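Everything below concerns the one structure shown next.
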Amino acid sequence: MSYTRNFTHNIGGVPIEFDVTYNTENHFFKVQEAGLTEPYLLKFDMSSRVWSIESSQDTKISAEELALLVQKHFGRTV
């Protein structure tokens with residue numbers, strides 16, 4: 001089973017490529033967003049049921065919107 005998905009999403013009319021890998025050990029998603037120099041983490045807090053992004057850079061997408069895309073492309077929802 002592959003734990004990596006590649007997809008493109010339009011943000012403000014501009015197509016942005018995402019390369020997302022699921023880490024089975026910590027259950028985070030490592031995201032490489034086109035245009036950013038470093039990957040960042042998409043995390044889900046089970047107790048609060050809130051998605052968040054851990055990044056030192058400004059991402060072009062919100063955690064909630066990215067979470068919906070990731071769930072869609074991985075075929076799972078939480």
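Keep in mind the model is a prediction, meaning the values are calculated, not measured.
In the hydrophobic clustering, Leu41 connects to Phe28, either directly or through intervening members, whenever side-chain heavy atoms lie under 4.5 Å apart.
With a 4.5 Å cut-off on side-chain heavy atoms, Trp51 and Gln71 count as touching.
Under the 3.5 Å distance criterion, the side-chain polar atoms of Gln57 are matched with a main-chain donor or acceptor of Glu38.
Taking CG of Leu69 as the reference point, atom CD of Glu64 lies at 12.0 Å (rounded to 0.5 Å). Going from atom OH of Tyr40 over to atom NZ of Lys30 covers 12.5 Å, rounded to the nearest 0.5 Å. In this structure, the separation between CD on Glu33 and CG on Asp58 is 10.0 Å, given to the nearest 0.5 Å.
Connection of Phe44 to Leu42 is established within a shared hydrophobic cluster, with ILVMFWY side chains joined at heavy-atom distances below 4.5 Å, either directly or through further cluster members. The same ILVMFWY cluster, assembled from side-chain heavy atoms under 4.5 Å apart, contains both Leu36 and Ile53.
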Using distance only, find each side-chain donor-acceptor pair of residues 7-22 under 3.5 Å and give its atom names and separation, not counting sequence neighbours.
from  : atom 1 : to    : atom 2 : distance (Å)
His9  : NE2    : Glu65 : OE2    : 2.9
Thr21 : OG1    : Thr4  : OG1    : 3.1
Tyr22 : OH     : His27 : ND1    : 2.4

task: Decide yes or no on side chain to side chain contact (heavy atoms under 4.5 Å, CB included) for Thr59 and Val31, but give the supporting numbers first.
output: CA-CA 10 Å; Thr59 62; Val31 180; over 6 Å; no
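Residues satisfying the side chain to side chain donor-acceptor pair (under 3.5 Å) test with Glu54, not counting sequence neighbours, are Lys43.
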